[in-house]
Amino acid sequence: MAIVTAQRLVTIERHIAEQEHLHPHATGEFSRLLRDLMLAFRLIAREVSRAGLNDILGLTGTTNVYGEAVRKLDAYANEVIIRAMEAGGHLCAMASEESDGLIHLPPGRPRGKYILVFDPLDGSSNIDVNVTIGTIFSIYRRRDPSSTTDGTLEDLLRPGSEQVAAGYVCYGSSVTLVYSTGNGVDVFTYDPTLGEFFLTIEKLRIPQRGKQYSINEGNAKRWAPELQQYIDYLKTPSADGQRPYSLRYVGTAVADVHRVLHYGGIFMYPADRIHPSGKLRLLYEVNPLAFLVEQAGGRASDGFRRILDIAPKELNQRCPVFLGSPEDVAEAEAFLQRRHPWQQYSSGSSEPTVVSV
Ligand code: AHG
Ligand code: MN
Ligand code: MN
């Protein structure tokens, strides 16, 4: 089955312009912001594709705010996005996973009403071995749109449901841009010879249920028993052939979520005994991915509540993640909340005939 669904030849520029026309009061500020962002993505895509040639692989020798080693491409991508966005006049604040606190905009330039939050390079551990990596972004409108001063921390600490747009770029066998302004999810594929993103999938819909799960199973011994039971359940053959699920795990959230958006199933980065909030960062990674998954008809939960409803308390906050096909995520929640009938059976025993979620 061909995955490409777009029938029209539409570049990202044209798509942004068409979207702007849908909003009669649009000033064009948001469209210009997106165009600047696309330029940053093209620059990063170019560097990613030449990574080995430019002596850019490897570590910078410094660590970020989480104590993680910063790779050269992390630092490059961070720098490029900041440079492309800081002087455009569309933003009043920025925050990046690779920068500590709010990123200050240069003095003497106008401040706009938008806020950009991003993970410049997702999947850092895969950079040096030519495995898919990504960039994640999220856009909010400042609390007081008429203000012309710098944005504040309060402007950034917002539930994900208030995002006006979110997306990611997936640098894989091709470069793909997936984004949503709250009106469904559109997918663009980059043609490096033309330097253009072309619309390849219009209004992507996630399958109701999948047959693949994605989790770092190396952490299994640290998981809650309820989660261990859920994963056991996914691996237990069922009479209808729906199970066992197949395991797919790249270790780049963008790549794993990209696959889940197309094929369905579930992506998880749960809490465990050592990491009570999991690993992924709510503002930089989880909220934008959750927004896209919901916009594609999926479900995104921390196991107990909708991710997009969480009110963040700090920029670097982490959050457990269960996202993907609505039926799969609801089933995972039922296990975690001890509402799934299979749980009355111990691992490896036969399953009940009725499985309700
Ligand atoms: P980043 O490279 O931005 O630090 O993010 C890495 C994240 C995420 O992309 C991925 O899902 C996860 O780390 C993988 O973690 P494990 O190696 O613990 O599985
Ligand atoms: Mn990341
Ligand atoms: Mn990162």
Side-chain angles (χ1 to χ4, degrees), residues 40-41 44 47-48 51 57-60 62-82 94-100 103 116-138 166-172 178 212-223 227 231 247-261 265-290 292-293 300 302 307 315-324:
F41 297 156
I44 299 169
E47 221 51 37
V48 167
L57 298 180
L59 309 176
T60 58
T62 57
T63 53
N64 66 12
V65 59
Y66 308 94
E68 299 162 342
V70 176
R71 284 166 198 271
K72 290 179 187 168
L73 211 49
D74 281 317
Y76 174 82
N78 198 37
E79 184 81 23
V80 163
I81 296 176
I82 294 172
M94 272 191 275
S96 159
E97 187 195 272
E98 292 300 335
S99 302
D100 198 1
I103 296 168
L116 177 68
V117 180
F118 58 98
D119 175 359
L121 226 291
D122 178 56
S124 295
S125 69
N126 284 326
I127 293 175
D128 289 359
V129 286
N130 197 15
V131 173
T132 300
I133 50 182
T135 297
I136 312 176
F137 68 94
S138 165
Y168 62 76
V169 184
C170 186
Y171 312 98
V178 178
Q212 297 180 343
Y213 71 105
S214 190
I215 191 167
N216 183 344
E217 213 158 344
N219 295 328
K221 296 271 187 239
R222 298 177 184 158
W223 295 341
L227 178 60
I231 301 298
L247 169 63
R248 296 282 186 279
Y249 191 71
V250 177
T252 295
V254 163
D256 285 312
V257 172
H258 190 64
R259 187 193 53 253
V260 167
L261 275 171
I266 183 164
F267 168 78
M268 296 163 266
Y269 209 110
D272 64 38
R273 238 182 318 112
I274 316 270
H275 309 101
S277 300
K279 175 179 182 184
L280 300 184
R281 287 138 285 220
L282 179 62
L283 271 85
Y284 303 111
E285 295 164 316
V286 178
N287 271 338
L289 297 175
L292 290 169
V293 166
D302 71 352
I307 283 171
L315 284 180
N316 300 333
Q317 190 167 330
R318 299 177 197 261
C319 170
V321 181
F322 298 82
L323 55 78

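Order of listing sets the numbers, starting from 1, for every ligand and every atom in it.
- Looking at D119, its side chain never comes within 3.5 Å of a backbone N or O of E285 through a donor-acceptor pair.
- Note on ring orientation: taking the six-membered ring where Trp is involved, the planes of F41 and F137 are tilted (angle from 30° to 60°).
- Protein residues with a heavy atom under 4.0 Å from ligand 1 are E68, E97, D119, L121, D122, G123, S124, N216, Y249, G251, T252, A253, Y269, K279, L280, R281, E285.
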How far apart are the C-alpha atoms of Y171 and L73, what are their side-chain angles, what is the distance that settles it, and do they pass the side-chain contact (heavy atoms from CB on, under 4.5 Å) test? CA-CA 13 Å; Y171 312 98; L73 211 49; over 6 Å; no
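- At least one donor-acceptor pair closer than 3.5 Å links the side chain of T135 to the backbone N or O of P120.
- Under a 3.5 Å cut-off, the side chain of T252 and the backbone N or O of V254 do not form any donor-acceptor pair.
- Under a 3.5 Å cut-off, the side chain of D256 and the backbone N or O of G251 do form a donor-acceptor pair.
- If you run side chain to side chain contact (heavy atoms under 4.5 Å, CB included) between V257 and each of V293, I136, V250, only V293 comes through.
- In this structure, the side chain of R281 does not engage the main chain of L315 through any donor-acceptor pair within 3.5 Å.
- Any protein N/O/S atom under 2.8 Å from the Mn ion (ligand 3) was counted, giving 3 altogether.
- Going from atom CD1 of I307 over to atom CG of L280 covers 9.0 Å, rounded to the nearest 0.5 Å.
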